[in-house]
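The structure presented is a predicted model; accordingly, all values stated were derived computationally and were not measured.
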Amino acid sequence: MLLRLPCSAVAVRPVSPFRHCRTRFSFKCEFGVMGRASLPSKAANFRLCNVSGCATELLEVRSDDPALHVLFIPGNPGIVTYYKDLVESLYHQLGGSVSVTAVGHISHSKKDWENGRFFSLQEQIDHKVEFMRQEMQNTRAPLLLVGHSIGSYISMEILRKCPEKVTYCIGLYPFLTLNPGSMKQSFIKNISASSIICAALSFIVASFGSLPIRFSRFIVANSLGKSWSPMAIEATCTHLLQYHTMRNMLFMAMTEFKQLSEVSDWAFLRANKEKIAFLFGIDDHWGPLQTLEEISKKIPEITLAIEREGHTHSFCCTEAGSVWVAEHIASLIKARILNSNQRI
């Protein structure tokens with residue numbers, strides 16, 4: 001039976017698997033239905049922390065007494081400031097009773113803290129696992145992972161390595177396997193495989209970043225970011241237009257294509273079907289609908305949904321896309337609690 005989730009997402013599987021989860025919680029407050037005006041806005045805070053000797057950028061909104069802790073894993077680029085609107089909106093949508101933390105990828109940063117070193121997909125996965133062990137070991141609230149694009153794959157790997165710590169995992173526009181029919185993926189794969197092309201492209205991109213900020217903002221706003229939010233434009237100018245960031249993006253992409261060429265671990269997904277949900281987009285070559293169909297066919301109990309509002313894979317670059325996705329995440333969390341007969 002097809003169910004329609006809130007926010008116009010179309011679920012291709014019911015959300016009922018939530019109620020079969022064996023983990024039990026004791027929540028202290030109730031979400032309820034609330035309008036935006038009923039909760040004062042709270043800005044996300046940016047900070048740096050050290051994880052295994054690597055400078056790590058964080059964006060977080062903390063609740064004084066959280067009933068849940070949402071850990072957000074970005075895509076590639078793993079620049080947390082792209083997700084500021086999402087982090088703040090999710091905190092608001094869940095009534096201010098959750099803490100939300102977005103953790104950036106190593107060296108996808110404003111400064112070259114790692115002195116030109118490149119980091120693979122596996123190293124970024126290990127970094128997130130270590131971050132969770134280091135920063136969240138004393139967190140009493142249940143931990144919920146949310147990943148975007150390759151961040152969905154990273155979230156699955158965290159669940160694999162730390163199943164006892166992760167309550168639930170939501171993948172947004174997930175990049176889980178290669179799409180041989182995508183010309184864009186083939187193009188990016190060929191570029192990322194050449195160190196010479198990567199260096200040249202990174203140098204060109206960095207030349208725009210070396211311009212006075214008002215000029216780089218103008219270029220980004222009138223080329224890539226005509227419909228982007230001011231925060232996305234700022235993140236592009238301060239982080240993306242850096243030589244070390246671009247090289248790390250491309251190096252990570254190269255390792256993504258290698259690692260995701262392996263056969264999908266269907267046994268793992270099947271064993272954790274009650275703890276996983278995916279949101280796919282229309283015409284998304286990173287997470288095509290044939291992947292959704294394959295998952296639905298092999299694991300019919302897993303929770304799947306399709307976004308049909310036109311926000312695209314890069315939803316985080318617009319305020320409207322960020323708010324919509326935050327509402328979808330919140331609806332999944334609320335449905336999980338309602339179907340478990342729990343109250344938040």
Taking all non-hydrogen atoms of both residues into account, name the closest pair between [X] and [Y] and its distance.
X	Y	result
Ala330	Leu94	CB-CD2, 3.6 Å
Ser99	Pro66	OG-CB, 3.6 Å
Leu250	Ser202	CD1-OG, 4.0 Å
Phe280	Ile295	CZ-CD1, 4.0 Å
Val80	Leu59	O-CD2, 3.5 Å
Phe175	Leu260	O-CD2, 3.6 Å

Pairwise distance [atom1]([X]) to [atom2]([Y]) - rounded to 0.5 angstrom:
X	Y	atom1	atom2	result
Asp284	Phe315	CG	CZ	11.0 Å
Lys334	Gln93	NZ	CD	6.0 Å
Ile79	His108	CD1	NE2	8.0 Å
Arg133	Ile158	CZ	CD1	10.0 Å

Problem set entry | Worked verdict on Ile276 versus Leu159 for side-chain contact (heavy atoms from CB on, under 4.5 Å) | CA-CA 10 Å; Ile276 296 172; Leu159 175 60; 4.0 Å; yes
For this session: Give the intermediate values and the outcome of side-chain contact (heavy atoms from CB on, under 4.5 Å) for residues Cys169 and Ser155.
Result: CA-CA 7 Å; Cys169 189; Ser155 297; 3.4 Å; yes
Exercise. Which of parallel (below 30°), tilted (30 to 60°) and perpendicular (above 60°) describes Trp324 and His328?
Worked result: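 Ring orientation, 0 to 90° scale: parallel.
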For this session: Decide yes or no on side-chain hydrogen bond (donor to acceptor under 3.5 Å, both in side chains) for Tyr82 and Thr236, but give the supporting numbers first.
Result: CA-CA 8 Å; Tyr82 277 125; Thr236 301; 2.7 Å; yes
For this session: May I ask whether Tyr243 and Leu211 are part of the same hydrophobic cluster, defined by side-chain heavy atoms of I, L, V, M, F, W, Y residues being less than 4.5 angstrom apart, directly or through others?
Result: no
Between [X] and [Y], is there a side-chain N and carboxylate O pair less than 4.0 Å apart?
X	Y	answer
Arg117	Asp112	no
Glu301	Lys275	no
Glu294	Lys297	no

For this session: Compute whether any side-chain donor of one residue and acceptor of the other, for His239 and Glu234, lie under 3.5 angstrom apart.
Result: no
For this session: For Asn50, look at atom CG and say whether over 12 heavy atoms of other residues, nucleotides or ligands are found less than 6.0 Å away.
Result: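 Yes, enclosed.
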For this session: Can you establish whether the number of heavy atoms outside Asn222 located under 6.0 Å from its atom CG is more than 12?
Result: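 Yes - once you tally the heavy atoms of other residues, nucleotides and ligands closer than 6.0 Å, there are more than 12.
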Check: [Y] main-chain N/O paired with [X] side-chain donor or acceptor under 3.5 Å:
X	Y	answer
Lys161	Met156	no
Ser192	Ala253	no
Ser296	Glu293	no
Glu123	Ser120	yes
Ser314	Cys317	no
Ser109	Ile106	no
His105	Thr56	no
Ser194	Ile191	no
Asn179	His285	yes
Gln242	Thr238	yes

Problem set entry | Aromatic centroids of His127 and Phe119 separated by under 6.0 Å | no
For this session: Could you tell me whether Tyr83 and Phe72 have their ring centroids closer than 6.0 angstrom?
Result: yes
For this session: Can you spot which of Ser216, Ser207, Ser210 makes a side-chain contact (heavy atoms from CB on, under 4.5 Å) with Leu241?
Result: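 Of all the options given, the one that passes is Ser216.
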For this session: Among Val146, Leu145, Leu143, Ile170, find the one that has a side-chain contact (heavy atoms from CB on, under 4.5 Å) with Val70.
Result: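 So, applying the side-chain contact (heavy atoms from CB on, under 4.5 Å) to Val70 and each of Val146, Leu145, Leu143, Ile170, only Val146 qualifies.
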For this session: Take Met252 and Phe118 through the test side-chain contact (heavy atoms from CB on, under 4.5 Å) and record every step on the way to the result.
Result: CA-CA 8 Å; Met252 182 177 171; Phe118 304 149; over 6 Å; no
For this session: Step by step, work out the side-chain contact (heavy atoms from CB on, under 4.5 Å) result for Ile73 and Lys128.
Result: CA-CA 8 Å; Ile73 313 296; Lys128 304 306 177 293; 4.3 Å; yes
Exercise. Looking at Glu307, His313, His311, which hits side-chain hydrogen bond (donor to acceptor under 3.5 Å, both in side chains) with Tyr173?
Worked result: Glu307
